[in-house]
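In what follows, a structure is listed as structure tokens, so that the remarks can point back to it.
Below, read A as the first sequence line, B as the second, and so on, with proteins coming before strands; counting in each chain starts at 1. These figures come from a predicted structure and were not determined experimentally.
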Amino acid sequence: MTPTTEATAPTYTKKDFESDQTIRWCPGCGDYAILATVQSVLAGLGIPREEFAVVSGIGCSSRFPYYLSTYGFHSIHGRAPAIATGVKLANPKLSVWVVTGDGDGLSIGGNHLLHVLRRNVDLKILMFNNRIYGLTKGQYSPTSEQGKVTKSTPYGSVDNPVDPVNFALAAGATFVARSVDVFRQHLSDTVAAAAMHRGAAFVEIYQNCNIFNDGAFESLTAKATREEKALYLEHGQPLRYGPEKSMGFALKGASLEKIDLKQHPEREKDLLIWDQEEPSGTLGMLANHLPKDPANPVPLGIFRRLEKPTFDAGMRAQIDAARAKRGPGNLEKLLYSGTTWTV
Amino acid sequence: MTPTTEATAPTYTKKDFESDQTIRWCPGCGDYAILATVQSVLAGLGIPREEFAVVSGIGCSSRFPYYLSTYGFHSIHGRAPAIATGVKLANPKLSVWVVTGDGDGLSIGGNHLLHVLRRNVDLKILMFNNRIYGLTKGQYSPTSEQGKVTKSTPYGSVDNPVDPVNFALAAGATFVARSVDVFRQHLSDTVAAAAMHRGAAFVEIYQNCNIFNDGAFESLTAKATREEKALYLEHGQPLRYGPEKSMGFALKGASLEKIDLKQHPEREKDLLIWDQEEPSGTLGMLANHLPKDPANPVPLGIFRRLEKPTFDAGMRAQIDAARAKRGPGNLEKLLYSGTTWTV
Amino acid sequence: MSQSDSAVRPTRKVETLDQVVIRFAGDSGDGMQLTGSQFTNTAALMGNDLATLPDFPAEIRAPAGTLAGVSGFQLRFSSYDIHTPGDAPDVLVAMNAAALKVNLGDLRAGGLLIVNTGGFGKKELDMAGYPKSPLEGDALRAYRVVAVDLNDLTKRALEGLGLSMKEALRCKNFFALGVCCWLFSRPLDPTETWIKSKFAKNEQMVEANLRVLRAGFNFADTTELFQTVYEVPPAAMPKGTYRNVMGNEALSMGFLAASELSGLEIFLGSYPITPASDILHTLAAYKNFGVTTFQAEDEIAAITSAIGASYAGKIGMTTTSGPGVALKTEALGLAVSLELPLVLVNVQRGGPSTGLPTKTEQADLFQAVLGRNGEAPIPVIAAASPSDCFYAAIEAVRLAIRYMTPVILLSDGYIANGSEPWLLPKVADLPKIEVRFAGQNGEPTPANFLPYLRDEKTLARPWAVPGTPGYEHRIGGIEKADKTGSISYDAENHERMCKLRQEKVNRIASDCPPPEFEGDEDADLVVLGWGSTHGAITGAVRQARAKGLSVARCHLRHVWPFPVGLGPILKRAKKVLIPEMNLGQLWRLVRSEYLVDAISLPKVQGRPFTSSEILEKIQSLS
Amino acid sequence: MSQSDSAVRPTRKVETLDQVVIRFAGDSGDGMQLTGSQFTNTAALMGNDLATLPDFPAEIRAPAGTLAGVSGFQLRFSSYDIHTPGDAPDVLVAMNAAALKVNLGDLRAGGLLIVNTGGFGKKELDMAGYPKSPLEGDALRAYRVVAVDLNDLTKRALEGLGLSMKEALRCKNFFALGVCCWLFSRPLDPTETWIKSKFAKNEQMVEANLRVLRAGFNFADTTELFQTVYEVPPAAMPKGTYRNVMGNEALSMGFLAASELSGLEIFLGSYPITPASDILHTLAAYKNFGVTTFQAEDEIAAITSAIGASYAGKIGMTTTSGPGVALKTEALGLAVSLELPLVLVNVQRGGPSTGLPTKTEQADLFQAVLGRNGEAPIPVIAAASPSDCFYAAIEAVRLAIRYMTPVILLSDGYIANGSEPWLLPKVADLPKIEVRFAGQNGEPTPANFLPYLRDEKTLARPWAVPGTPGYEHRIGGIEKADKTGSISYDAENHERMCKLRQEKVNRIASDCPPPEFEGDEDADLVVLGWGSTHGAITGAVRQARAKGLSVARCHLRHVWPFPVGLGPILKRAKKVLIPEMNLGQLWRLVRSEYLVDAISLPKVQGRPFTSSEILEKIQSLS
Ligand SMILES: Cc1ncc(C[n+]2csc(CCOP(=O)(O)OP(=O)(O)O)c2C)c(N)n1
Ligand SMILES: Cc1ncc(C[n+]2csc(CCOP(=O)(O)OP(=O)(O)O)c2C)c(N)n1
Ligand code: SF4
Ligand code: SF4
Ligand SMILES: [Mg+2]
Ligand SMILES: [Mg+2]
């Protein structure tokens, strides 16, 4: 089901998307903020409530569907994208959402995520990235920074983390974005944009787990540093950030150069104009390479948004075409087809 | 085991790496050429034969280890990277190779591949990409082009293919390359470079399956068009290709511009100088976006080569450090540690 | 069937046989599967009863001429009702030395051996491990040998057509087929028709194959190699229209039928694996039946996408073989917990692990019945023969929907690739499958929908699909409170739910026909079987009874839970014999259920039982 | 143990008890697990025998005050030999209304109920679903109620320390602990020592917790709330040094011991899952023992990396719970086919599917014994108690190496998190595990190494690890030719290999001690158990025998294959009773093996048997 703005569209409030289940997250968990935002966004899409199917895997984040008053499906670890593919293929009219965590989506479920993204199945995928395994009480995850000391890595983790946005870009996802649990308006806009996108929409949401990885995003979310640390990608706008938007980035060869506009106001014209429709993903990766340097801001917003035929529509079209061409299946005829003989 | 060039290194010929098993590939299969090349490369590395462990999954390609006279392990579908991780962690002295197919490595095994690459486990991974499932008799694979008609897609496949090189770049692989079964010298050089690399080395090898996907790479491999179609990436060299190397690419914003040097000899200086050490993967993706346009050449060679600490070395170092700091484990002491009481 | 005019009646002695077992054997590249199928097709059209057994290596084309590369196809055709592709072949066609080496041991003494001497060069002999040619000396004394150079004859037949040597030689299987058609008084036209349609796009190939086929026929007619020509009259089969069908094909059509009978569209999530892939291939072609086939990235995505589709109101199904089932285990547990309909087909092959991918076995029964974590009961049914796959597929869907449960349907490589004539049903005679989606039957919307409130009779819960207003609810794999389906960690609730799920499945035991039984009620020995041993057991028991032995047979279509009628049958027998293509899996389940000291007849050789193996055992027990 | 000087002996009536069952219950955030463990630790140090049963929700912190968020810890300590954490608690400490609601039903009539009235405000009562406070009226008449406002007392104890209200309240569990220490004449110093080391980096927390702990003790001493103070003298335990140990901890140490005994380093490939994760956490800390712990991307990578490590010459192991085993099924089949050593630990939890992640169950036995495709036999052993996990781990490694086979070791949530005193062994007394790598024993290098040539006695194949010159060979999951290990599709070879693999595992039945047996040889009733029911069965059978009933018990450490001694024991008994935390899995296996009409006593409630449940059943059968 695509969002509609017709007059007949139901009007809901956030409350209509709250379920009667007690919420079982830890007090202070970033998941609460995401839930509230998503409830509001869903209420505003104009899609009848019964046409939402929200599928999740396993993890704290994956408890999400219980707290929405829509159809909900809390499944098994890592498999939500595959289940959701089945739901969407079976009934393309539904608005199908996937909620997953960094462990659920990128550890055990990495492959399914890769494949729904490359197929461009029309799913809205929200990955709550708290860079930790919450539900199993604090082991490192594939997005944990190197050297992370956790229950399972008392000497620090050795592996390089995977970057969900890079991963999604390379997989060919047609909508790739990043937002933050506590940046309510930005999150709301980003989730709404994902909802409006036709095709696989992937949204990484930085989420604080105040029990096992408290403050993981604090340098970004702290009120004091927010402005310095958030680089909002806005289509058609130059890459600027910081107090008074006085910092920016320009292309230099195949990498980005940081420019202090206060010192070099003349270079404003060099700033890279953000193009979310650049198809190769190169630009997205370029912008996203920034966070690896702690001195750099964190890019947020939409890394890529492309219109491409969706998998579910393509599959349906084949059925329709076959029916148009060969007529609806006739079982009797099929059984008696080929070489038969009568006794 | 890292390749050695010491005087004591064993000297082998290709024959020393041939096993006594009858080869069971179809006559004409591209796998034969790869086998011969790899046998030669292994023979020339100076590593004792018994220190090779070659692990594969399932597929025609995965029969590879049977035909090498080294230690060999033909495992289950998609899991070779994980098995090889165990082998390498258990005995870091070994030279551990993974042989996989496009189905084995990117369909069922995509997640394991992602994780060995991001971890930078010191494995040499050869993926034979024939863009089809050979062993199961011709279904489309995740690298098959869209619209592919196969046994399982009589109406043509709907999904967008995944590009193995992009995937590996986004996963953070420290060595990413592409070669072709029948480009013997190039393949040999590429595999040898992978062997010399310390860390996860990923090589995509285009391979012709003459039974189920014959000619998949013919526009590249045909003698007549080879020169026009192969763009060799050479570190420190400009991106040039074609007869008399008269064509090339330059950076234009964040994408590549094709330049006909015959018409514009003055633009030679603009050509992009290939830098395999560009860390973000941006450049690699840029170059690799080319094949999507059939008018463009196919980039071959090394997309990225970076020195980074390996996972296996990091894991070993933790054990060594713990031993250095706490002394080797003393079981008796451990058992009797903590709160005990004596009756 | 009128005789084609290319097939002039020969003037040799005519002998009438009531059955023939013939095996074509050659290199993987020699087209033996095709030759066998064409001969089968012709036999079917002539009204014979028949059964086939293809047998090929796991490699696509193992190196030409090697033992590992030998491919075979056995066909038994008859003028009476038969049940297996036969024990020892009467006729063996060996296209090269390796094929002879691999197959000769099976040929019955005195059998007819047709060898292609063109496949016995020095190189071929070496590869087959023959120090010297078996065609010289008396190694083959026990057989009636007809040695012909099919290579040469084929090449000569094609002279002037402009084919390369390699292309020409690829036609030689049609020469052999022509010879055999002559020998067994078969018309050529079904094969000719097939050639014309198969190679429609390549006139040269049509011409070449037709020439070679006819050359073979004429060669046999002309030369003095054969003293006798055989006839196998049609079998007296029940009235009706027949087609020849392979198991995977019948199974696919069964699913299409179930779709029609239930009014629901099919969603098949699958990942290719031998010997199950053909079901995916077959169904993929029937998109106009509203079938969605999804080739997933792996087995886990295959089954979970099917679960998703069932959740959304289609018939979710997934097809695979043993190693694939292993990967689907966790998701099967989820399906049990969700109580959604789902059909999993396991076309069993030789195990453990990768095992023998192209060979048959029944060793996944334990896995089907008991192979999950937690108390996770799933009903298991099994197909008995190629055509029975059709009905088994319908029954699997019926149970899945009626009981809101995953169902496992077991087939195996033998019946999946084997074929037999199938008396086609009328679609109108097939019973409808009732589907009731909650909220779509005009009932008033409940204030508080209870997704785990059960039907009194079946204990099934309601099927409320997304899109239905007022029925929004949440499901998941965590234990659920009875009726409401909310998460519950309550101790008593958990026990109640475990027992309810078990009881629901148990009720199927009395909602299925009694097990098939043949023979006297008070027979001393009951031979109990399941799945594809059906034919071999039937044959053996009939022969034993014909010899006057007190034996009956019983066959399970519903393998788990055991149908209510099984206990009395087994308890009343003095002895129970259970032949299985495993080391005794049904045997163990039967012992545990009924405390009956049954006797196991295990066979784990990657190939089906012969009737005589079972008959022998019956005799030793009588 | 000297009494700390903060603990002045009170002057109340002193009563001596031989055992006490106490349960601490509160909100997930109230620190009940910690309180329980500290009290346990103290009891252990005082020489009591003891057993514990923690019980907590699957959520990290379910919303404060809800029923779903209640966390409990039960401890039984005694002056005699006990086997379970007790049936009904004698003492219940309830920190809030929800904790009372959830736990009250278990408290024995007349039991002592200590309630924190600070947790019974309007909001807490509402959340617990109490329309009015149960502390008013006679709802609690059946118990001895001591109602104190722990919140208030704690806050007051901390006045002046500068803690926020929230921080202060977090200490209240130590107040409760202080009260209980006084009540049961326990010293404070073990807890004080613990507090000092635990919060070493935060002086304020040390000070706060110590203050509150002592305040609780002194409060109990000063007020007139308790008329009696209890003593539970030490149990007469065998001589030796003890520590208190939890199952997962003992299991981890067992692996370290096996590593030392075999001289091989450990490789643990694991993926976190409750209740198994702690084994990964524990072993990860012991890198100086040469342990490699690899947190894999999923369960499949966890087991396959372990297989890779075994191939390369380490002890490969993998730890998980039921859903994880499901995912490892295919790889287990591979390990069977490869014949490499491997240990898989399944710490069972409630199923099916996600089920009850933090609760205990024994319902994965079928999965362990039979849950694979093909004929894929794997020996299964089970741990009986927390400390027994140590020995079970060693035995698993011994079998894996000796028989070159995967081994499944079953534990469960109950013993994994439960604890008991453990009489520590001397390392020197533990038997060595022999390892022979091919080509590393000075033998001449064979011209043609045969990787599947078997040891005559064990049928194990040689373990030739990469790096050994002259032993290069290839292995895989396709069927292998006997001895050479080359790919083989041969029919007879396949059957031979299947039978050899089965026979190898069967031989373990006579290479293990006879099953543990207690009671008269000719007892009428034998109670048969496996795994963690050991304690409850032992307690019940001893009580029954004390009542003069003719009953014995038998316990299986080697669950599959059944040890040779089991058959005679079961056949000679008139009745066999099998209590299990499942719907009858061992029961079915026993019936199938011995045709014994055993009686099942199933319990699937996510919690262990109490002795009285079993005793009751014994009595009903006597
Ligand atoms: C098959 C399986 N393996 C492991 C688990 C245990 N498990 C539950 S949640 C989880 C990780 C959750 O991490 P993430 O997805 O990041 O979610 P979070 O709790 O952080 O929101 C794991 C390992 C499981 N439930 N199932
Ligand atoms: C668990 C499992 N699923 C499916 C299969 C069947 N299978 C064998 S090989 C293969 C695909 C092989 O494709 P690819 O990796 O591209 O190798 P190729 O044969 O083309 O070299 C499949 C699906 C299997 N052996 N095991
Ligand atoms: S553990 Fe972390 S992610 Fe999970 S609910 Fe608590 S705060 Fe949130
Ligand atoms: S099927 Fe294709 S990939 Fe496999 S051996 Fe034959 S030619 Fe090679
Ligand atoms: Mg997380
Ligand atoms: Mg391939």
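The greatest number of non-hydrogen atom pairs below 4.5 Å with chain A, out of C:Ile307, C:Thr292, C:Leu423, C:Ile300, is found for C:Ile300. Of the listed residues (C:Ser486, C:Ser305, C:Ala302), the greatest number of heavy-atom pairs within a distance under 4.5 Å of chain A belongs to C:Ser305. Of the listed residues (C:Ala296, C:Pro238, C:Ala309), the greatest number of heavy-atom pairs within a distance under 4.5 Å of chain A belongs to C:Ala309. No other option in C:Phe289, C:Trp422, C:Tyr286 has as many heavy-atom pairs under 4.5 Å with chain A as C:Phe289.
Between the side chain of A:Arg323 and the backbone N or O of C:Asn288 there is at least one donor-acceptor pair closer than 3.5 Å.
With a threshold of 4.5 angstrom between heavy atoms, C:Glu330 approaches chain A through its backbone and through its side chain. Both the backbone and the side chain of C:Pro425 have a heavy atom closer than 4.5 Å to some heavy atom of chain A. Heavy atoms closer than 4.5 Å to chain A are found in both the backbone and the side chain of C:Ala257. Both the backbone and the side chain of C:Tyr471 have a heavy atom closer than 4.5 Å to some heavy atom of chain A. For C:Leu338, the part lying near chain A is the side chain, with the backbone staying farther off; criterion is any non-hydrogen pair under 4.5 Å. Of the atoms belonging to C:Phe294, heavy atoms from both backbone and side chain fall under 4.5 Å from chain A. Interface residue C:Ala331: backbone and side-chain heavy atoms are both found under 4.5 Å from chain A. Neither the backbone nor the side chain of C:Val245 comes within contact range of chain A, judged by heavy atoms closer than 4.5 Å. Only the backbone of C:Thr293 comes within less than 4.5 Å of a heavy atom in chain A; its side chain stays farther off. C:Trp194 does not touch chain A: none of its heavy atoms, backbone or side chain, sits under 4.5 Å away. Both the backbone and the side chain of C:Ala44 come within contact range of chain A, each with at least one heavy atom under 4.5 Å from a heavy atom of that chain. For C:Glu265, the part lying under 4.5 angstrom from a heavy atom of chain A is the side chain only.
A salt bridge links C:Glu297 with A:Arg119: the closest approach of a Lys/Arg side-chain nitrogen to an acidic carboxylate oxygen falls below 4.0 angstrom.
Using modelled atom types, one finds a donor on one side chain and an acceptor on the other under 3.5 Å when comparing C:Thr241 with A:Thr342.
Using the six-membered ring where Trp is involved, C:Tyr311 and A:Tyr71 have ring planes that are perpendicular, over 60° apart on the 30 and 60° scheme.
Under the side-chain hydrogen bond (donor to acceptor under 3.5 Å, both in side chains) criterion, C:Ser310 pairs with no residue, sequence neighbours left out.
No more than 12 heavy atoms of other residues, nucleotides or ligands sit less than 6.0 Å from atom NZ of C:Lys198.
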